[in-house]
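First comes the structure, then the notes that go with it.
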Amino acid sequence: MPKYRFFAQRQINTATNAVLGYELLIKELTPDGWRLPSSFIDIDTKVFANLLIETTKILGQKVRYCSVNVNRDQLMNTDIAEAIIESQRQLYPTKLIVELTEDVSEREYTPTEIKEQLERFVSKGIQISLDDVGTGHNQFEDIEDFLPLASEIKFAVQNFKSTIQDPKIKQKVRFWNAISSEYNIHLVLEGIEDQADNQLSQSFGISRQGYFFSKPQLLSLPGDK
């Protein structure tokens with residue numbers, strides 16, 4: 001049976017260098033070490049749900065925020081949804097943020113179905129982040145109905161076959177910056193890998209995340225060797 005663990009990437013206030021929270025990224029143990037799963041759809045939902053609960057237990061009240069990535073299939077799965085709610089209960093007063101990824105799902109869900117599930121999470125004190133906007137299932141027209149529920153959107157430079165220096169990427173960032181202002185939500189620029197990226201991204205005046213600031217670290221569970 002595949003072995004999975006969450007890795008935690010620190011979310012840092014780039015102005016003060018203070019750790020605000022952690023983003024949880026699930027990885028699979030392979031003969032070549034820990035790697036991103038080849039298919040998130042293939043992860044058993046009960047395994048994911050139990051792992052999330054066990055992981056959030058050890059994080060406790062260390063930070064203000066803790067976020068977890070889910071695709072649409074995982075978002076709509078009963079086991080995972082209940083695990084997310086339980087994780088928020090365990091973490092309180094730390095806020096759990098559900099990051100809805102752009103990944104393709106096994107089945108199609110209507111915007112109404114997705115919105116109702118997001119509304120349920122919000123009613124439980126959970127915040128919503130729309131990840132990788134502008135790619136996959138998270139194009140503007142796909143997520144427009146969810147924006148009023150979101151506290152954050154993320155634009156990932158690494159999803160494009162270019163760099164932040166590309167005028168087309170700059171134009172996309174400006175578009176999503178305008179959307180974040182219109183809906184009064186936080187915009188994060190992901191994929192900042194080096195000092196050159198960091199210096200250029202500073203000109204946008206928005207939050208930044210990437211390996212330049214912090215790399216994901218394995219979160220071991222009790223019983224791990």
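Using a 4.0 Å cut-off between charged nitrogen and carboxylate oxygen, E86 and K124 do not count as a salt-bridge pair. Of the charged side-chain nitrogens involved, at least one lies within less than 4.0 Å of a carboxylate oxygen, so that R120 and E82 count as a salt-bridged pair. At a threshold of 4.0 Å, the pair K154-D131 does not count as salt-bridged, since none of the basic side-chain nitrogens sits closer than that to a carboxylate oxygen.
A donor and an acceptor atom, one from each side chain of Q209 and E23, are located under 3.5 Å apart. Under the 3.5 Å distance criterion, with hydrogens and angles disregarded, no donor-acceptor pair is assigned to the side chains of D194 and Y211. Side-chain contact, N138 with R72: a donor N or O sits under 3.5 Å from an acceptor N or O. When only modelled atom types and interatomic distance are considered, S207 and H186 share a side-chain donor-acceptor pair under 3.5 Å. Side-chain contact check for D103 and T101: at least one donor-acceptor pair (N or O, by modelled atom type) lies under 3.5 Å. Side-chain atoms of Q90 and T56 include a donor-acceptor pair closer than 3.5 Å. Looking only at atom types and distance, the side chain of E152 has a donor-acceptor partner in the side chain of S129 under 3.5 Å away.
Within a 6.0 Å radius of CG in D224, other residues, nucleotides and ligands contribute more than 12 heavy atoms. Counting heavy atoms of neighbouring residues, nucleotides and ligands inside a 6.0 Å radius, atom NZ of K27 exceeds 12 of them. In the displayed structure, K170 atom NZ is contacted under 6.0 Å by more than 12 heavy atoms of other residues, nucleotides or ligands. At most 12 heavy atoms of other shown residues, nucleotides or ligands fall within 6.0 angstrom of atom CD in E108.
Expressed to the nearest 0.5 Å, how far CD of Q171 lies from NZ of K168 amounts to 9.0 Å. Here the CZ-CD distance, from F212 to E193, works out to 10.5 Å after rounding to the nearest 0.5 Å. Expressed to the nearest 0.5 Å, how far CD of E144 lies from CG of L130 amounts to 12.0 Å. Atom CD1 of residue I84 and atom CG of residue D79 lie 11.0 Å apart, to the nearest 0.5 angstrom.
The minimum heavy-atom distance linking L219 with A8 is given by the pair CD1-CB, 3.6 Å. Annotation for P37 and E28: closest pair CA-OE1, 3.9 Å, computed over non-hydrogen atoms. Between L91 and L96, the shortest heavy-atom contact is CD1-CD1, 3.9 Å. Of all non-hydrogen atoms in Q117 and L75, the two that sit nearest each other are NE2-O, 2.9 Å.
In summary, the aromatic rings of F40 and Y4 are positioned with their centroids too far apart to meet the 6.0 Å limit.
Residue L29 shares its hydrophobic cluster (ILVMFWY side chains chained together at separations under 4.5 Å) with F7, W34, L218.
Residues D73 and Y109 are in side-chain contact: their nearest non-hydrogen atoms beyond the backbone lie under 4.5 Å apart. Annotation: side chain of I85 is in contact with side chain of I126 (closest heavy-atom distance under 4.5 Å).
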**OP:** Kindly indicate, with the supporting measurements, whether the criterion ring pair (Phe, Tyr, Trp, His ring centres under 6.0 Å) is fulfilled by F155 and F175.
**Re:** CA-CA 10 Å; F155 181 86; F175 170 80; 9.6 Å; no
Subject >> Stepwise side-chain contact (heavy atoms from CB on, under 4.5 Å) check, L52 with V68 >> reply: CA-CA 9 Å; L52 178 60; V68 60; 4.0 Å; yes
